[in-house]
Amino acid sequence: MFEYANSVSELAQFIIKNYCRNFNFAVDATLGNGHDTDFLSTLFSKVYSFDIQKCAIDNYKKSNKNNVKLINDSHEYIDKYIEEKIDCFIYNLGYLPGGDKSITTKANSTLNSIIKATKIINNNGIIAICMYVGHQEGEKEKNCILNFVQELSKKNFNVTLHKYINRTNNPPMLLIIEKNS
C-alpha cells in the first residue's frame, strides 16, 4: 500500500494530527461508522459528532467515549449545538458505508455547514473535507463547495485540494481549509 496518500481519510487525519495547533474542540460533521470520531477523540478534549441517521448514532453509543457528544441531526445545524470556537472539523461526504446509499449528504446542507464552520473555526484551525464524487449528489457537492472556497479571503484562509490524477472512476478528493492566525 502507499504511505502518503493511501486514502483521503487517512491523509486528512495525518494533516489534522500534524498541523492543528490546538486540541480542545473538534467536530466530526459526518459520524458514519465512527472512524473519524475515534481518531478525533484520541487528540481532542471534546468531540461533537453529527449524523442524521439514528442507526449511526446508536451504533457509536456502544463505544462509550466520555469526550464525545453524539448529535442526531444534520451538520447544517452546528450552530444550534456548539458555543465554543472549534479547532478542527472533518467531513466525510457521501453515504454511510454499508448503509442505505440513497441517503447521502446534500450540497445545500453541506455548504451551509461549511459556511458556519468557517465562522467558528479557531485561528490555526483546520477544516478537512473528504469528497466522494462518484455519485450524482457528490458531484453537486463538490461543485458547490469548490465555488464557495475559491471566494474565501486568502488573507484569512489557505485552501488546498488534494486529488488523485492517475485513478479512474471519479476518485475521492480532500479539501483542506486552514484558518490564518
- Would one find more than 12 heavy atoms of other residues, nucleotides or ligands at under 6.0 Å from atom OH of Y77? no
- Task: If a pair satisfies ring-ring contact (aromatic ring centres under 6.0 Å, His included) and one of its residues is in residues 159-181, list it, with sequence neighbours excluded.
- Result: none
- Query: Could you state the interatomic distance from CD1 (I127) to CD (E178), rounded to the nearest 0.5 Å?
  - Reply: 10.5 Å
- Run the numbers on T30 and D28 for side-chain contact (heavy atoms from CB on, under 4.5 Å), then give the verdict. CA-CA 5 Å; T30 51; D28 182 349; 3.8 Å; yes
- Do any pairs count as a salt bridge (charged side-chain N to carboxylate O under 4.0 Å, His left out) and have a residue in residues 144-172, sequence neighbours left out, and if so which ones? none
- Message: Test of understanding: with side chain to side chain contact (heavy atoms under 4.5 Å, CB included), list the residues that count as partners of K142, not counting sequence neighbours.
- Response: M131, V133, E139, L146, M173
- Task: To the nearest 0.5 Å, tell me how far L152 CG sits from I114 CD1.
- Result: 10.0 Å
- Query: For the residue pair T37 and L31, what are the closest heavy atoms and their distance?
  - Reply: OG1-CD1, 3.3 Å
- Return each pair, listed once, that meets side-chain hydrogen bond (donor to acceptor under 3.5 Å, both in side chains) where at least one residue sits in residues 12-26; pairs must be two or more places apart or across chains. Q13-D36, R21-N124
- Query: Between the main-chain N or O of G94 and the side-chain N or O of T104, is there a donor-acceptor pair closer than 3.5 Å?
  - Reply: no
- Item | Closest approach of L93 to Y132 (non-hydrogen atoms, all atoms of both residues) | O-CD1, 3.0 Å
- Ignoring hydrogens and geometry, is there a side-chain-to-backbone donor-acceptor pair from S74 to I52 under 3.5 Å? no
- Can you see which heavy atom on C88 is nearest to which on F44, and at what distance? CB-CZ, 3.5 Å
- Value for CD1 (I78) from CD1 (I120), rounded to nearest 0.5 Å, stands at 4.0 Å
- How would you list all residue pairs meeting side-chain hydrogen bond (donor to acceptor under 3.5 Å, both in side chains) that involve residues 106-118, not counting sequence neighbours? H75-T110, E76-N112, D79-K116, Y91-S113, T110-E141
- Interatomic distance, CG@N156 vs CD1@I121, rounded to 0.5 Å, equals 13.0 Å
- Item | Closest approach of V47 to S49 (non-hydrogen atoms, all atoms of both residues) | CG1-OG, 3.7 Å
- Message: Can you tell me how far apart CZ (F14) and CG (L174) are? Round to the nearest 0.5 Å.
- Response: 12.0 Å
- Does N72 reach the main-chain N or O of D51 with its side chain, forming a donor-acceptor pair under 3.5 Å? yes
- Of F25, Y48, F50, the residue whose pairing with Y81 passes ring-ring contact (aromatic ring centres under 6.0 Å, His included): F50
- Message: Does I129 form a side-chain contact (heavy atoms from CB on, under 4.5 Å) with F89? I'd like the steps, not just the answer.
- Response: CA-CA 8 Å; I129 306 165; F89 284 86; over 6 Å; no
- Closest heavy-atom pair, C144 versus L111, reported as atoms and distance to 0.1 Å, is SG-CD2, 3.3 Å
- Not counting sequence neighbours, list each pair that qualifies as a side-chain hydrogen bond (donor to acceptor under 3.5 Å, both in side chains) and has a residue in residues 61-71. none
- Query: If you measure from CG on N123 to NZ on K85, what distance do you get to the nearest 0.5 Å?
  - Reply: 7.5 Å
- Query: Below 4.5 Å, heavy atoms only, C-beta onward: do V159 and L175 meet side chain to side chain?
  - Reply: yes
- Between A26 and I86, the two heavy atoms sitting closest are CA-CG2, 4.1 Å
